[in-house]
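Counting starts at 1 for both ligands and their atoms, in listed order. Note that these values count all heavy atoms, side chains included, but never hydrogens, waters or copies made by symmetry.
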Amino acid sequence: MNFIIAKDYDAMGRAAATIVAAKVLTKPNAVLGLATGSTPISLYKELVALYKKGELDFSNIKSFNLDEYVGLPPTNDQSYIYFMKDNLFDHINIKKENYHVPNGNSSNLEDEAKHYEKMIKDAGGIDIQVLGIGPNGHIGFNEPDTKFEKVTHETGLTESTIEANKRFFNKKEDVPTKAITMGIKTIMMAKSIIILATGKGKADIVKSAFFGDIVPSVPASILQLHHNVTVIVDTEAGEKIKKHI
Ligand code: F6R
């Protein structure tokens, strides 16, 4: 694993953007795996800025998001498709038919999950997967003790994730309790991975995920076995790993 400790949140986003931009420049038809949440916003801001300066062209880029809540309409500003359009897709020249977010409103979520997995495969697999990490070590919505061999599937959210995500909703009861997510196997099949973390609230999980045991109770710990992972954290999230790298 490679580690980058950036001085703050914006520098973390810039470091991540450099890696994504290098891929977009060297492989104009690359397939990106994308995440939502507060962590990657500075990355997306930087990618939009590079696009606006004329330095990046997304016209042949494809993307697949990690996950989506079940049951939120795409017009709900907390749905992940809304988030992605708002923070990235509506500001760059990626084609509508080339970006994908799982459909959490499908009447058959099992078929939707299979179809999503097949689309990733048919696109040639993910070149760079962007990840955040939950305070409980989840990646995507693969909560602690999810089997490492799972591909895209429907899942329930744990109490700790509902608690962590309620800040985005009016009240806790509004947080959806289910989601559709790429599985850990889907994530591990990506050719390269960048995982980002910001703030002191992530310092403990960053240490246990990347310097602790590889165990299903810490889903992100499996990334220690991937051949091409870059961990990019800000000073606060990196506080407990700095002496180990
Ligand atoms: C988002 C996702 C989640 C988040 C994680 C961290 O698509 O899959 O795993 O990356 O919950 O969220 P933030 O960035 O809001 O702390």
Side-chain angles (χ1 to χ4, degrees), residues 6 8-10 12-13 16 32-45 63-70 72 74 76-89 99-104 113 116 120 126 128-146 150-169 175-188 190 193-206 208-210 218-223 229 231-234 236-238:
D8 55 24
Y9 176 68
D10 288 339
M12 177 199 73
L32 308 179
L34 300 175
T36 60
S38 28
T39 310
I41 293 177
S42 58
L43 157 65
Y44 298 149
K45 275 208 175 99
S63 75
F64 290 90
N65 263 78
L66 281 166
D67 43 16
E68 176 61 284
Y69 289 120
V70 166
L72 283 190
N76 184 306
D77 63 4
Q78 291 311 321
S79 74
Y80 286 175
I81 180 66
Y82 188 101
F83 173 99
M84 288 309 300
K85 289 169 83 173
D86 199 31
N87 285 289
L88 186 66
F89 300 152
Y99 63 72
H100 307 87
V101 177
N103 177 7
Y116 200 71
I120 295 173
I126 289 170
I128 295 195
Q129 177 66 55
V130 176
L131 296 174
I133 182 169
N136 63 2
H138 75 209
I139 44 176
F141 273 126
N142 295 283
E143 299 286 25
D145 296 321
T146 305
K150 282 224 171 200
V151 292
T152 304
H153 62 284
E154 180 190 350
T155 185
L157 271 50
T158 59
E159 184 56 30
S160 98
T161 296
I162 292 173
E163 197 54 43
N165 288 7
K166 74 173 189 211
R167 68 193 195 276
F168 299 118
F169 292 83
V175 185
T177 55
K178 287 183 179 167
I180 181 162
T181 182
M182 282 184 196
I184 291 184
K185 182 172 175 185
T186 322
I187 293 170
M188 287 297 278
I193 294 174
I194 56 178
I195 180 159
L196 317 182
T198 175
K200 54 180 183 299
K202 296 284 173 74
D204 284 323
I205 193 64
V206 163
S208 55
F210 308 124
V218 184
S221 64
I222 189 72
L223 299 174
V229 177
V231 178
I232 309 175
V233 294
D234 64 6
E236 288 185 346

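H100 and S63 form no side-chain donor-acceptor contact under 3.5 Å, judged by distance and modelled atom types alone. Under the 3.5 Å distance criterion, with hydrogens and angles disregarded, a donor-acceptor pair is assigned to the side chains of S160 and N136.
Counting protein heavy atoms only, atom 16 (O) of ligand 1 is closest to K202 NZ, 2.7 Å. Scanning the protein heavy atoms around atom 6 (C) of ligand 1, the nearest turns out to be I133 O, 3.4 Å. Regarding atom 5 (C) of ligand 1, its nearest protein heavy-atom neighbour is H138 NE2, 3.4 Å. Atom 8 (O) of ligand 1 has its closest protein heavy atom at D67 OD2, 2.5 Å. Here the protein heavy atom with the shortest distance to atom 1 (C) of ligand 1 is T36 OG1, 3.2 Å.
A donor-acceptor contact shorter than 3.5 Å links the side chain of E143 to the backbone of T158. Judged purely by atom type and a 3.5 angstrom limit, Q129 has no side-chain atom pairing as donor or acceptor with the backbone of A190.
When non-hydrogen atoms are compared, ligand 1 lies under 4.0 Å from the side chain of R167 (C-beta onward) but not from its backbone.
No option in T186, T181, D67, L66 other than T186 meets the side chain to side chain contact (heavy atoms under 4.5 Å, CB included) test with T152. Just one of T36, N165, N76 meets the side chain to side chain contact (heavy atoms under 4.5 Å, CB included) condition when paired with Y69; it is N165.
Residues L32 and I126 are not in side-chain contact: their nearest non-hydrogen atoms beyond the backbone lie 4.5 Å or more apart.
Among G140, G137, G199, A237, the residue whose heavy atom lies closest to atom 9 (O) of ligand 1 is G140.
Residues F64 and Y99 place their aromatic rings such that the two centres sit no closer than 6.0 Å.
Geometrically, ligand 1 and S38 share a nitrogen or oxygen pair separated by less than 3.5 Å.
Remark: ligand 1 atoms within the under-4.0 Å shell around heavy atoms of G132 are 10 (O). Here is the list of ligand 1 atoms found below 4.0 Å of a heavy atom in L66: 8 (O). The ligand atoms of ligand 1 that sit less than 4.0 angstrom from a heavy atom of G37 are 14 (O), 15 (O). Listed by atom number, the atoms of ligand 1 under 4.0 Å from T39 heavy atoms are 13 (P), 14 (O), 16 (O).
Within the structure, ligand 1 lacks M84 among the residues with a heavy atom less than 4.0 angstrom away.
Applying the side-chain hydrogen bond (donor to acceptor under 3.5 Å, both in side chains) rule to Y116 yields no partners; only residues at least two apart in sequence or on another chain are considered.
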